[in-house]
2 protein chains.
Amino acid sequence: MTLTLDAIDRHILRVLQRGGRISNVELAREVGLSPSPCLRRVRLLEEAGIIDRYVAVLDPTKVGAGLTVFARVCFRTQDAEVTLRFAEAVRRFPEVMECYLTTGECDAVLRIVTADLHSYWRFQADHLTRIPSVLSVKTDVPMETLKRSYELPLR
Amino acid sequence: MTLTLDAIDRHILRVLQRGGRISNVELAREVGLSPSPCLRRVRLLEEAGIIDRYVAVLDPTKVGAGLTVFARVCFRTQDAEVTLRFAEAVRRFPEVMECYLTTGECDAVLRIVTADLHSYWRFQADHLTRIPSVLSVKTDVPMETLKRSYELPLR
DNA sequence: CAGAATATTGGCATATCATGCCAAACTTTC
DNA sequence: GAAAGTTTGGCATGATATGCCAATATTCTG
C-alpha cells in the first residue's frame with residue numbers, strides 16, 4: 001500500500017473534499033486521468049483510510065442547529081476513572097460534535113451544536129454540568145460566523 | 001416549497017449524514033420508499049439548501065492535519081474596520097476551519113487544524129499574531145480526541 | 001545504460017444506477 | 001362527499017460504475 005500521495009492523489013482529495021458526490025467520470029476529467037485509473041486511485045485512498053467516509057453537509061440554520069459553542073470544562077479530579085466516565089457521557093450527547101482532552105487551564109474542550117442560546121443553556125444546565133466528573137464550564141458565545149470550512153489543508 | 005420536514009425527510013438526512021455516497025436505490029430501501037419519490041425528496045432538500053453539499057471526510061492524521069486547536073483571540077479594538085480585516089485574513093488561512101466572533105472575555109474563537117504542535121506554534125507566531133487586529137491569543141492544546149462527529153443533531 | 005520486473009494506464013463490455021414521465025393512490029379542502 | 005392538489009410507484013432511456021486485459025510508463029538491477 002503506497003502511503004505517499006502524489007500530485008494526482010492530492011488533486012483527487014482536493015476535489016472530493018469540495019464535492020463528494022462528483023461522478024467518477026467528471027473527477028477523472030478534472031484530474032487528467034481516464035475513469036478507470038481514477039476510480040482505482042479513489043478506491044485505494046478509501047481502503048487506506050485516507051478517505052474516511054462521505055457525508056452530506058446540512059445547513060445548520062435550516063435544521064435547528066444554528067448555534068455552535070465552544071465550551072471549556074474543568075474536572076473535579078484528573079484520574080482515569082473520571083475521564084472515562086466523562087468520555088462515555090459526552091459520546092452519548094448528539095449535541096457534542098467534538099471533544100478533546102487538554103492540558104493547561106482546563107481539562108477538556110468541546111464543540112457543541114444546538115438550535116439557539118436558550119437550547120444551549122438548557123443543555124449545559126441539564127446535561128453537561130450534571131456529568132459527575134464536571135466541576136465547571138466556561139463558554140464563549142458566538143455572535144457571528146466569519147468562516148466555516150470543511151476542507152482539511154493538504155500540504 | 002415545503003420547509004417542514006416530515007419523518008421520511010429526517011430519515012433521509014440522517015442516512016445521508018452517515019453516508020453521502022449511498023446510491024439512491026439503497027437510500028430508498030432504507031427509508032421505505034421507491035427510488036423515484038426518494039430521489040425527488042433528496043433533490044428538494046438540495047434545492048432548499050437544507051443539504052448544502054456533499055464532501056469526502058479525510059482522516060486528519062493521514063493527511064498531515066492531525067492536530068486540532070481551539071484558539072481565543074482578543075482584538076486591539078472592537079471597531080468594524082479591525083473586525084473586517086481580521087475576517088479577511090482568517091479566510092485566507094486554510095488552517096482556520098472555523099471562526100466566530102464572540103462576546104465576553106475574548107473577541108473571536110477559532111478552530112485551527114495543523115500537522116502537529118510545532119506546526120501550530122509556527123502558524124500562531126508567523127501568521128495569527130501578525131494580523132494587525134490581534135492583541136493576544138490563548139489556546140488549550142488537545143492531548144487526546146474523545147469524540148469527533150459529522151452529524152448535526154436532528155430534532 | 002540496457003533489459004527485465006513491476007506498477008499504472010486506457011479502453012471495452014456489462015451490470016447497476018439516475019432520472020424524466022405518466023398513471024394511480026392518497027391527502028386536503030371546501 | 002366531491003374535486004383539486006400532492007405524493008407515490010413503475011417503466012424506459014441514457015449515463016455511470018466497475019472488472020478485465022492489453023499497452024504503456026516507471027522503477028529496479030546487473
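First the proteins, then the strands, lettered A, B, ... as listed; each starts at 1.
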Notebook entry, point to check: Quick one: B:R21 CZ to C:dC17 P, roughly how many Å, whole number?
Noted result: 14 Å
Next item on the list: Decide, yes or no, whether a salt bridge links B:R111 with A:E98 under the criterion of side-chain N to carboxylate O below 4.0 Å.
Entry: yes
Item checked: Nucleotide C:dA15, atom P - distance to CG of A:L39 in whole Å -> 18 Å
Next item on the list: Choose from C:dT19, C:dC12, C:dT8 the nucleotide whose nearest atom is closest to any side-chain atom of B:N24.
Entry: C:dT19
Next item on the list: Remember a base hit wins even if backbone is also touched, and classify A:S36 as base, sugar-phosphate or nothing at under 4.0 Å, heavy atoms.
Entry: base
Check: Just how far, in rounded Å, is P of D:dT6 from CG of B:D6?
Finding: 15 Å
Check: Between B:Y54 and B:E46, is any side-chain donor less than 3.5 angstrom from a side-chain acceptor?
Finding: yes
Checklist line | Whole-Å distance separating the CD1 atom of A:I8 from the P atom of C:dG10 | finding: 8 Å
Margin query: Counting only side-chain nitrogens and oxygens, does A:R43 get under 4.0 Å of the OP1 or OP2 atom of D:dG19?
Written below: no
Next item on the list: Would you mind telling me which residue lines up with the more 5' stretch of DNA chain C, A:R40 or B:P35, judged by nearest nucleotide?
Entry: A:R40
Next item on the list: Write down the atom of A:E95, the atom of A:F123, and the distance for their closest heavy-atom approach.
Entry: OE1-CE1, 3.6 Å
Notebook entry, point to check: A:V25 has a side chain; which of C:dT9, D:dT8, D:dT16 sits nearest to it?
Noted result: D:dT16
Next item on the list: Grab the two heavy atoms, one from A:R53 and one from B:R18, that are nearest each other, plus how far apart they are.
Entry: NH2-O, 3.7 Å
Margin query: Tell me the interatomic distance from A:L33, atom CG, to D:dA25, atom P, rounded to whole angstroms.
Written below: 14 Å
Margin query: Expressed as a whole number of angstroms, how long is the span from B:L27:CG to D:dG9:P?
Written below: 13 Å
Checklist line | Integer-rounded Å distance: D:dT8 C1' and B:R29 CZ | finding: 18 Å
Notebook entry, point to check: Over how many whole Å does the gap from B:L45 atom CG to D:dT7 atom P extend?
Noted result: 12 Å
Next item on the list: Identify which nucleotide among C:dG20, D:dT16, C:dG11 has an atom closest to any side-chain atom of A:S34, counting heavy atoms from C-beta outward.
Entry: C:dG11
Compile the donor-acceptor pairs under 3.5 Å between side chains in residues 66-84 of chain A and protein atoms, sequence neighbours left out, one pair per line.
| unit_1 | atom_1 | unit_2 | atom_2 | d |
| --- | --- | --- | --- | --- |
| A:R72 | NH1 | A:D140 | OD2 | 2.9 |
| A:R76 | NE | A:P132 | O | 3.1 |
| A:T77 | OG1 | A:D79 | OD1 | 2.3 |
| A:Q78 | NE2 | A:D107 | OD1 | 2.8 |
| A:Q78 | NE2 | A:D107 | OD2 | 3.4 |
| A:D79 | OD2 | A:E81 | N | 3.3 |
| A:D79 | OD2 | A:V82 | N | 3.3 |
| A:T83 | OG1 | A:D79 | O | 3.2 |

